[in-house]
Asker: 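What follows is a single structure, and I will ask about it in a moment.
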Amino acid sequence: MKQPENVREIVMLQPDYMGLIFYEKSPRFVAAHIPEVASEVKKTGVFVDASLDFILQKIKLYQLKAVQLHGKETAEFCRQLRQKIQDEKVEIIKVFSVKEEFNFNRLEEYEGIVDFFLFDTKGKNKGGNGITFNWEVLKDYPSSTPFFLSGGIGLEEAEAVKELMIWFQKNGKENLLYAVDVNSKFEDEPGLKNAEKLRQFQERIRRS
Ligand SMILES: O=C(O)c1ccccc1N[C@@H]1O[C@H](COP(=O)(O)O)[C@@H](O)[C@H]1O
């Protein structure tokens, strides 16, 4: 999200999280003022290999409730960030890019430091590539840290998302697939979300 009026419109849909991208090379880079949003909507800063100071500054300025680390941030970096924000209730979401396969051993050193993992598709850009990955790999997810599903999710993927949610429920892992992260497939232009498409998506994935 980056346009004030669009933020107001999308908040009405009561998303759990709302992403603000603080990566200058992104067409979604937040340069404008972002209006206050209801406290239930967690404003999430998306960063790519940013410095600790830069992240801390944005947390304060935008009252961020979560940070999404979308670069090559190490576990040690996440630990330092956690230490700096331990008095504020700011969640840390660490992103991993996936294509056909994924080595889940990579998560181990982040366990207990970050709140969530997020799986996005490996692509030519750091994020916002608009392409899905092979979600079958997630059925081998070995961790107890909940994760966000991301990467190229649009209205056409609603049924497949629901099937995956049901699979996790049926296999006693209902708390692991914690959230579904959508981005470019719901835009009229980069950074401008289409409220009607998002409403339809919510309706489709929430329908039991
Ligand atoms: O969207 C961007 O421009 C972006 C730039 C740098 C890092 C992350 C970015 N977006 C994140 O990418 C994923 C997937 O997006 P999409 O659905 O494939 O468009 C999502 O987490 C965005 O927050």
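One-based numbering, in listed order, for ligands and for the atoms of each.
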Asker: Could you check atom 2 (C) of ligand 1 against the protein and tell me its nearest heavy-atom contact, residue, atom and distance included?
Answerer: R28 NH1, 3.2 Å
Asker: Of the protein's non-hydrogen atoms, which lies at the shortest distance from atom 20 (C) of ligand 1, and what is that distance?
Answerer: D181 OD2, 3.1 Å
Asker: Just to be sure I read this right, does ligand 1 sit under 4.0 Å from the backbone of V95, its side chain, both, or neither, counting only heavy atoms?
Answerer: neither
Asker: Do NZ/NE/NH1/NH2 and the carboxylate oxygens of K94 and E73 come within less than 4.0 Å?
Answerer: yes
Asker: Under 3.5 Å, sequence neighbours excluded: what are the donor-acceptor pairs made by side chains of residues 20-31?
Answerer:
residue, atom, partner, partner atom, Å
S26, OG, R28, N, 2.9
R28, NE, E187, OE1, 3.1
R28, NE, E187, OE2, 2.8
R28, NH2, E187, OE1, 2.9

Asker: Salt bridge or not for K193 and E9, using N-O below 4.0 Å?
Answerer: no
Asker: Quick check: does K185 get an N/O under 3.5 Å from an N/O on ligand 1?
Answerer: no
Asker: Would a single hydrophobic cluster contain both I153 and F102, if residues Ile, Leu, Val, Met, Phe, Trp and Tyr are joined by side-chain heavy-atom contacts under 4.5 Å?
Answerer: yes
Asker: Can you tell whether the side chains of D16 and K65 come within less than 4.0 Å, N to carboxylate O?
Answerer: no
Asker: Among all protein heavy atoms in this structure, tell me which lies nearest to atom 15 (O) of ligand 1, with the distance rounded to 0.1 Å.
Answerer: N183 ND2, 3.3 Å
Asker: Identify the closest protein heavy atom to atom 11 (C) of ligand 1: which residue and atom is it, and at what distance?
Answerer: H70 CE1, 3.6 Å
Asker: Is it true that F148 and I131 fall in one hydrophobic cluster, defined by side-chain heavy atoms closer than 4.5 Å?
Answerer: no
Asker: For Y23, is at least one N or O under 3.5 Å away from an N or O on ligand 1?
Answerer: no
Asker: Any non-hydrogen side-chain atom of F147 less than 4.5 Å from a side-chain atom of L138?
Answerer: yes
Asker: Enumerate the atoms of ligand 1 whose separation from the nearest heavy atom of S150 is less than 4.0 angstrom.
Answerer: 13 (C), 14 (C), 20 (C), 21 (O)
Asker: Do ligand 1 and G152 have nitrogen or oxygen atoms that lie under 3.5 Å from each other?
Answerer: yes
Asker: Using side chain to side chain contact (heavy atoms under 4.5 Å, CB included), reason through L81 and L56 one step at a time and then give a plain yes or no.
Answerer: CA-CA 8 Å; L81 178 61; L56 294 172; 4.2 Å; yes
Asker: For S26 and ligand 1, does the shortest N/O to N/O distance drop below 3.5 Å?
Answerer: yes
Asker: If hydrophobic clusters are built from ILVMFWY residues whose side chains come within less than 4.5 Å, do F116 and L177 share one?
Answerer: no
Asker: With only distance considered, is L118 within less than 3.5 Å of ligand 1 through an N or O on each side?
Answerer: no
Asker: Is S184 touching ligand 1 with its side chain, its backbone, both, or neither, if touching means heavy atoms under 4.0 Å apart?
Answerer: both
Asker: Using a 4.0 Å heavy-atom cut-off, which part of V48 comes near ligand 1: side chain, backbone, both, or neither?
Answerer: side chain
Asker: Run the numbers for me: atoms of ligand 1, each under 4.0 Å from some heavy atom of D120, listed by number.
Answerer: 12 (O), 13 (C), 14 (C)
Asker: Could you find the nearest protein heavy atom to atom 10 (N) of ligand 1 and give me its residue, atom name and distance?
Answerer: G128 N, 3.4 Å
Asker: If only side-chain N and O atoms count, and only distance matters, is there a donor-acceptor pair under 3.5 Å linking T132 with E157?
Answerer: no
Asker: Say whether G130, considering both its backbone and side-chain N or O atoms, lies within less than 3.5 Å of an N or O atom on ligand 1.
Answerer: yes
Asker: Tell me the protein heavy atom at minimum distance from atom 23 (O) of ligand 1, and give that distance in Å.
Answerer: Q68 NE2, 3.4 Å
Asker: Does either side chain, that of Q68 or that of Y17, offer a donor lying less than 3.5 Å from an acceptor on the other one?
Answerer: no
